Amino acid sequence: MDFLNELNDEQRKAVEQLNGPVMIIAGAGSGKTRVLTYRVAHLINSEIDPFNILALTFTNKAAREMRSRIEQMVGTEAKNIWMGTFHSVFAKILRFECERLGYPSNFTIYDTSDSKNLIKAILKEEQLDEKTYKPSLVLNRISAAKTNLISANEYLSNDELLTEDRMSAKPKLGIVYQKYSERLFRSGAMDFDDLLYWTNVLLRDFPDVLNKYQNRFKYVMVDEYQDTNYAQYLIVKRLAAKFENICVVGDDAQSIYAFRGANIQNILNFRKDYPDVKTFKLEQNYRSTKHIVGAANHVIENNRDRLKKTVWTSNMDGEKIKVIRNLTDNEEGMSVARSIFETKMNEQALDKQFAVLYRTNAQSRAIEEALRKMNIPYRIYGGQSFYQRKEIKDLISYFRVVINPQDEEALKRIINYPARGIGKTTIDKLTVLSNDWKQDIWSILRSPDLLNEQFNAGTAKKLEVFVNLIRSFQTELKTTDAYELGSKIASSSGLIGELYSDRSPEGVSRYENIQELLNGLKEFVEEKPGEDEVVDENEVKTLEKFTEDIALLTDADKDTDPQNNDKVTLMTVHASKGLEFPYIYIVGLEENLFPSQLSLSSRPDLEEERRLFYVALTRAEKRVSLSYAVSRFRWGNMVYSEPSRFIEEIPEQFLDLIPSKPAPNKISVTSQVESRNVPVFKRKSTGAGSQKMIKERNLTKYNDSRKPGVLDTGSGNSEHVSRIIVGTEVIHDKFGKGEVVAMEGEPPNVKATVAFQGAGNKQLLLKFAKLRIVGKAKQ
DNA sequence: GGAGGCCTCGGAAGG
DNA sequence: CGAGGCCTCC
């Protein structure tokens, strides 16, 4: 076969090993996707029926890309491969099988905000305090339980868990979990974790189902295996138990999702589950320069918990890694923007060849501002999703109720929106009745007798009108296409009218968003099936199918305008996994930011941060620039930081330390002083191979009892202090005005002798004396 | 029922 | 600082 020649030895061996357990450890940039797609193509060319292949990925995007690449190689047969995310593949299977679990096949998938709202409702009903039982924490705890296949009842009989909850002053957590599960079930709803949890129950408790899917999925492949959690691991293990044709691909060095339950041990222990596993290591990097690969390798060596591998490249040395020091976060933005601008000029680079990576979303602001100032187009990944916007959720909630009227979260959202006189009292009463009778709210609503018995005539009438509205849509669900019915719902519900009447800019934008969703429906309906695809001519593209589809979509899946994609990319390091760019800027490389403050107390957490940094470095093809700021605004406070330890972990031979440049048009005193007097970023060369760097020499920290790193911005701040030199005029709270006549000592213990006009000469430690600068030194 | 004041709190994020 | 949630007041 031709295409096997396009692979290196190890890649080819991995592709050709079709049977039995296979583990592929794929270093960054080693052609992992290529190996995966070729392997599937090779399976199909070896007469394996595509229907017998299951390929699991972590994102829809990865699945789509892989599918289209395989299609290019083997043709439309690729359509029949079971390929998708864990969640989408098993949601599909659950729709076939879930009646065995007591779920309706039109079950709703709750997103995180639905789950949180349900938890809040339960907390209220149980009279638990939302501050003690923070909904996000409660949800995380429930999620962790489900991920480990612990049901609510098992939770309540698990002494260890109950003790933990008592110790953390949340003794009722198990009860909340139990209520939460009941409500989901009663609403015919599953949350994201349920999709994996119930799949496991299905495969565990129904041998015929297990057998059916084991026979269907004779070949199983899992991408990003280092990021699988226990529930996912177990599904894969169960499915593959019969044939053991299981191939997992991953890189332990790029595991960055432990914080949400990924278990790096899954890949580290694969060998234990399958002793006759064939392991292949893809170690040749085709993406990056030698300097980048070298730097990344050295960094990751600081981690203890790793599989052994040596990533290397035959690419050229390339440029050294730039380190840019900045005084503030805004200056950092400007440095990055300026550098992008210069690179575009000097190297004829395109905007889309650049990416700026940061640890937290909040850092994007300063970068955005600077790029805007320099007229550099950019695009941000992340942030609020289209599907999370209120007006979009509202309309989709109508869809959800029409499809599955048991769906309580959606029902509560729309029963009185737009307003139809069904107030809080009525909804509360419905909830109480529903809880007392252990029935979903819709089953109460749909009984006119019950309504007349429980509510006054006016309220009962209003509820009936609402029920009839929903019913009128339901009669069309199977026969009318998604666009037609969706538009009808949007207008007949009064939602469009409500938004149209709001002429404020926000209102207009909401209205436009609804139009965009309706356009999406139209596209969905008009989407042509592939040429060879067998389609039932009478099959209607229903609203039900559309709603199922989008439940598992995120913003990253929305098509971006291909005409207009020449833009600089801004995103978090997490979001950058799997991507590559010629020029990468990693910003905010400061202690307490990257690595994050919250990671510093435990070794595993710090190692995950380091893997995150490793991921960031290895996104780059040609050049990496690292930058940090001496001070930045965080939560309204000026915070002073030291450069990240991760910079120090890169050997000097790979680094190009450049001082911060003053802005071209406005030369600030600060920058002048900094660049003239202060050795900005120096390394000690104490013998061979010492990588210690002299910490910020000019950085004087106030070390009081406040939170580490957070300083009072009031009377004195150390940016000012760092500018104090002999001759500076200063004011002291007690001694008044004076002039610095001498300085001695090394930061942070610089001692200044100040001649005060009223109080004479005083010796003061700069880090304690809150001196304010009133005049600069006359030179 | 909605506007506006007050309070709290802040990680990363796939499905 | 700024977003989001909650409460209050009209």
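Computed from a prediction, not measured in an experiment: that's the story for all the values here. In what follows, chains carry the letters A, B, and so on, assigned in the order in which the sequence lines appear, proteins first and then strands, with residues in each chain numbered from 1.
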Heavy atoms only, 4.0 Å cut-off, all strands: where does A/Arg634 land among base, sugar-phosphate and nothing?
nothing
Strand-adjacent residues in residues 569-578 of chain A, judged by heavy atoms under 4.0 Å from DNA chain B:
A/Thr572, A/His574
The answer to which of A/Ala551 and A/Ile256 contacts DNA chain B further toward the 5' end, by nearest nucleotide, is A/Ile256
For A/Arg306, check side chain to side chain donor-acceptor pair (under 3.5 Å) against everything at least two apart and list the hits.
none
Quick note, A/Thr59 side chain, CB onward, closest among B/dG15, B/dA13, B/dA12 is B/dG15
What I want to check is whether an N or O donor and acceptor connect the side chain of A/Glu608 with the base of B/dG11 at under 3.5 Å.
no
Mind calculating the distance between CH2 (A/Trp635) and C1' (B/dG10) to the nearest angstrom?
5 Å
Classify the nucleic acid contact of A/Asp193 as base, sugar-phosphate or nothing, counting any heavy atom under 4.0 Å across all strands shown.
base
Residue set satisfying side chain to side chain donor-acceptor pair (under 3.5 Å) with A/Arg359, at least two apart, ordered chain then number -> A/Glu609
For A/Ser596 and A/Arg260, take the nucleotide of DNA chain B holding the closest heavy atom to each; which residue's nucleotide lies nearer the 5' end?
A/Ser596
Touch class at under 4.0 angstrom, heavy-atom based, for A/Glu609 against every strand present
base
Are the aromatic rings of A/Tyr257 and A/Phe58 close, with centres under 6.0 Å apart?
no
Whole angstrom is fine here: how far is it from CG in A/Leu137 over to P in B/dG11?
13 Å
Say whether, by atom type as modelled, one donor and one acceptor occur between the side chain of A/Lys92 and the main chain of A/Phe90 under 3.5 angstrom.
no
Could you pull out all residues at least two apart from A/Lys462 that satisfy side chain to side chain donor-acceptor pair (under 3.5 Å)?
none
Any A/Asn361 side-chain nitrogen or oxygen under 4.0 Å from OP1 or OP2 of B/dG10
no
List the atom pairs, donor and acceptor, that lie under 3.5 Å between side-chain atoms in residues 118-128 of chain A and the rest of the protein, sequence neighbours left out.
from     : atom 1 : to       : atom 2 : distance (Å)
A/Glu125 : OE1    : A/Arg183 : NH1    : 2.8
A/Glu125 : OE1    : A/Asn435 : ND2    : 3.0
A/Glu125 : OE2    : A/Arg183 : NH1    : 3.4
A/Glu125 : OE2    : A/Arg183 : NH2    : 3.1

Just call it for A/Phe86: base, sugar-phosphate, or nothing, with non-hydrogen atoms closer than 4.0 Å on any strand.
nothing
From the candidates B/dG15, B/dA13, B/dA12, the one with an atom nearest any side-chain atom of A/Tyr257 is B/dA13
Go through the side-chain N and O atoms of A/Ser143 and A/Asp193 and say whether any donor and acceptor fall under 3.5 Å apart.
yes
Side chain to side chain donor-acceptor pair (under 3.5 Å) involving A/Lys131 - partner list, sequence neighbours excluded
none
What about the rings of A/Phe259 and A/His574, do their centers lie closer together than 6.0 Å?
yes
Closest to the A/Leu598 side chain: B/dG11, B/dG1, B/dA13?
B/dG11
Interatomic distance, A/Glu369 CD vs C/dC1 C1' [rounded to whole Å]
13 Å
Base, sugar-phosphate or nothing for A/Thr85? Non-hydrogen atoms, less than 4.0 Å.
sugar-phosphate
How would you label the contact of A/Phe192 with the nucleic acid (heavy atoms, under 4.0 Å): base, sugar-phosphate, or nothing?
base
Would you indicate, yes or no, if B/dG14 has its OP1 or OP2 atom less than 4.0 angstrom from a side-chain nitrogen or oxygen of A/Asn229?
no
Taking atom P in both B/dA13 and C/dG4, compute the distance separating them and give it to the nearest angstrom.
16 Å
Is any side-chain nitrogen or oxygen of A/Lys134 closer than 4.0 Å to OP1 or OP2 of B/dG10?
yes
Is there, by distance only and without an angle test, a donor paired with an acceptor across the side chain of A/Thr112 and the base of B/dG15 below 3.5 Å?
yes
B/dG14, C/dC6, B/dG15: which one has an atom nearest the side-chain heavy atoms of A/Glu130?
C/dC6
OH of A/Tyr387 versus C1' of B/dG15: gap in Å, rounded?
13 Å
Among C/dC6, B/dA13, B/dG11, the one nearest A/Phe259 by side-chain distance:
B/dA13
Spacing of A/Lys116 atom NZ relative to C/dG5 atom C1', expressed in whole Å:
13 Å
For the pair made of NZ in A/Lys131 and C1' in C/dG5, what is the distance, rounded to whole Å?
10 Å
Here the distance between atom P of C/dC7 and atom NZ of A/Lys124, to the nearest Å, is 7 Å
Using whole Å, report how far CG of A/Asp605 lies from P of B/dA12.
15 Å
